[in-house]
Asks: 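Quick one: structure below, then a few questions.
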Amino acid sequence: MKKRIFSGIQPSGALHIGNYLGAIRQWVQTQDKSDSLFCVVDLHAITVPQDPKELHQNIRELAAIYFAAGIDPDKSTVFVQSQVPEHSELAWILNCFIPMGWMQRMTQFKDKSAKKKQFSIGLFDYPALMAADILLYQTDAVPVGEDQKQHVELTRDIAEMINSKYGDVFKIPEPVIPKTGARIMGLDDPTVKMAKSAEKPSRSIYIMDEPDVIKKKIARATTDSETEICFDQNRPGVNNLLTIYQLCSGKTQKDIEAHFQGKQYSDLKRELTDVVVDKLTPIREEATKILKDKKALDDMLLKGAEKARGLAAPTMNKVKAAIGLG
Ligand code: ATP
Ligand code: LTN
């Protein structure tokens with residue numbers, strides 16, 4: 001039997017090249033050999049304040065980019081989390097079993113709440129909803145970035161705790177952290193990661209950016225005052241540009257360093273612009289096409305949600321029966 005894979009991205013802002021290179025690109029590669037579910041996790045996005053119109057637009061755009069980047073609805077189940085009510089239902093049930101102390105250890109919550117004067121209970125409870133996403137589908141493997149590993153480990157602990165009390169209710173999922181899943185850093189500040197929720201548009205190359213915008217952003221990207229073009233963690237600006245170049249071109253580090261030997265930063269930026277534009281243009285064009293046909297996109301997502309609900313139902317029945325509900 002094929003392995004069940006589940007992953008998701010929050011529609012918390014426009015998608016950037018880090019999300020593509022670090023997540024979606026890998027998903028496209030796994031969908032042939034696995035039984036995959038890819039979710040637009042909109043209920044996670046509302047753990048922080050969202051503008052309703054923007055959120056609506058971001059949900060659609062994220063779904064369109066999934067499809068445009070090559071996620072095939074005939075091979076994978078693509079859906080919007082809020083269209084499958086079992087996610088919230090299971091999250092509530094899990095809430096009633098998760099010890100408070102386990103949640104208080106979550107570093108993402110500590111980081112995100114430290115920067116805010118006020119935050120919702122939802123932000124604190126984010127990992128319980130993520131555990132529900134994963135456990136609902138008896139998931140084998142969860143491809144995520146390193147920063148999400150702690151949440152998948154918590155999910156395993158929750159599943160093991162419930163299984164030890166009630167028998168075999170949940171499959172224990174494994175986190176899958178891509179080895180080559182380099183963290184793409186901000187163009188304006190290579191010491192912070194490129195992020196959807198970053199307010200500065202100059203930080204990120206967005207999937208929907210037009211070529212002239214990409215060109216300007218890369219031209220202004222922070223480098224340093226050295227001259228040699230090589231991969232070096234201690235030179236985060238150049239290292240980041242080279243990493244993006246490597247992931248977009250598919251060339252090896254050795255070949256890239258040889259290629260840029262004796263060249264200038266302006267050459268690197270020009271060639272980087274070309275490979276990024278080549279990579280993103282077909283995705284942007286296809287996503288734009290998909291977004292134009294509102295009904296077709298809605299239908300595809302509705303179909304995905306129906307399929308997901310069908311897969312979620314047996315787990316919900318099992319959980320409810322195990323704990324004495326229903
Ligand atoms: P937010 O700012 O809302 O936290 P984000 O851009 O950091 O958004 P996530 O929704 O946390 O993105 O992550 C979605 C996926 O994209 C995850 O698998 C994550 O590992 C990957 N990802 C996010 N940012 C980067 C990055 N800068 N480089 C590589 N992968 C990334
Ligand atoms: N927290 C994840 C998004 C997410 C997710 C999931 C990933 C929500 N639910 C379930 C994998 C499996 C993030 O990447 N920020």
Side-chain angles (χ1 to χ4, degrees), residues 4-27 30 36-50 54-55 58-59 62 65-66 69 79-82 84 87-88 90-91 94 106-109 111-112 115 122-123 125-137 139-156 158 173-187 189-200 203-207 236 239-240 243-244 246-248 308:
R4 169 76 45 87
I5 306 278
F6 185 100
S7 200
I9 298 181
Q10 305 178 69
S12 48
L15 216 72
H16 54 77
I17 194 164
N19 300 129
Y20 172 69
L21 297 172
I24 300 179
R25 198 177 56 123
Q26 264 92 326
W27 299 356
T30 57
S36 310
L37 293 107
F38 299 118
C39 187
V40 175
V41 289
D42 54 349
L43 296 172
H44 278 107
I46 62 164
T47 55
V48 295
Q50 299 288 343
E54 268 176 36
L55 177 62
N58 286 337
I59 293 169
L62 180 51
I65 292 173
Y66 280 4
F79 68 104
V80 177
Q81 188 186 31
S82 63
V84 179
H87 288 252
S88 317
L90 182 58
L94 298 181
M106 294 297 113
T107 55
Q108 176 178 291
F109 170 72
D111 291 346
K112 291 206 171 179
K115 294 178 201 140
L123 187 68
D125 203 33
Y126 182 113
L129 180 60
M130 183 161 162
D133 297 342
I134 297 167
L135 299 179
L136 197 49
Y137 300 101
T139 302
D140 293 292
V142 187
V144 280
E146 181 68 39
D147 59 328
Q148 295 299 311
K149 198 172 165 203
Q150 194 187 29
H151 290 163
V152 182
E153 272 157 8
L154 175 80
T155 305
R156 289 168 61 87
I158 297 168
E174 297 282 345
V176 180
I177 318 284
K179 277 189 211 76
T180 52
R183 250 156 80 95
I184 306 299
M185 309 307 282
L187 293 182
D189 179 356
T191 62
V192 295
K193 91 174 183 108
M194 212 178 258
K196 272 183 265 104
S197 54
E199 263 145 39
K200 287 190 182 164
R203 172 151 310 161
S204 308
I205 299 171
Y206 297 112
I207 309 295
N239 199 67
N240 190 39
T243 303
I244 302 174
Q246 186 192 1
L247 293 171
C248 288

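Note: hydrogens, waters and symmetry copies are ignored here, and every other heavy atom, side chains too, is used. Indexing begins at 1, ligand by ligand and atom by atom, following the structure's order.
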Asks: Got a salt bridge between Glu174 and Arg156, using NZ or NE/NH1/NH2 to carboxylate O under 4.0 Å?
Replies: yes
Asks: Kindly identify the option in Ala14, Ser7, Pro11, Gly145 whose heavy atom sits closest to atom 19 (C) of ligand 1.
Replies: Gly145
Asks: Please determine whether any non-hydrogen atom of Gln26 lies less than 4.0 Å from an atom of ligand 1.
Replies: no
Asks: His16: heavy atom below 4.0 Å from ligand 1, yes or no?
Replies: yes
Asks: What distance separates Leu94 CG from Leu136 CG, expressed to the nearest 0.5 Å?
Replies: 9.5 Å
Asks: Show me, by chain and number, every protein residue that has a heavy-atom distance under 4.0 Å to ligand 2.
Replies: Phe6, Ser7, Gly8, Gln10, Val41, His44, Tyr126, Met130, Asp133, Ile134, Val142, Val144, Gln148
Asks: List every atom of ligand 1 that sits less than 4.0 Å from any heavy atom of Ile9, numbering the atoms from 1 in the order shown and giving each element.
Replies: 10 (O), 14 (C)
Asks: Taking all atoms of both residues into account, what is the closest heavy-atom pair of Ser7 and Val144, and its distance?
Replies: OG-CG1, 4.4 Å
Asks: Report, in ascending order of atom number, the atoms of ligand 1 lying under 4.0 Å from any heavy atom of Ala23.
Replies: 15 (C), 16 (O), 18 (O)
Asks: Only one of Val152, Leu154, Val41, Leu135 clears side-chain contact (heavy atoms from CB on, under 4.5 Å) with Met130; which?
Replies: Val152
Asks: With sequence neighbours excluded, tell me which residues meet salt bridge (charged side-chain N to carboxylate O under 4.0 Å, His left out) with Lys200.
Replies: Asp188
Asks: Tell me the contacting part of Ala195 for ligand 1: side chain, backbone, both, or neither, using a 4.0 Å heavy-atom threshold, strictly below.
Replies: both
Asks: For ligand 1, which atoms, with element, lie under 4.0 Å from some heavy atom of Lys112?
Replies: 4 (O)
Asks: Short N/O distance, under 3.5 Å, between Met194 and ligand 1?
Replies: yes
Asks: Determine whether the aromatic ring centres of Phe109 and His151 lie less than 6.0 Å apart.
Replies: no
Asks: Verify whether one side chain among Asp133 and Gln81 offers a donor that lies under 3.5 Å from an acceptor in the other.
Replies: yes
Asks: Give a yes-or-no answer on whether the side chains of Tyr20 and Gln26 include a donor-acceptor pair shorter than 3.5 Å.
Replies: no
Asks: Report the residue from Lys196, Gln50, Glu54 that forms a side-chain hydrogen bond (donor to acceptor under 3.5 Å, both in side chains) with Ser12.
Replies: Lys196
Asks: Quick one, Phe6 and Phe38 - any side-chain contact, counting heavy atoms below 4.5 Å?
Replies: no
Asks: Would Ser12 count as being in polar contact with ligand 1, using the rule that some N or O on each side must be under 3.5 angstrom apart?
Replies: yes
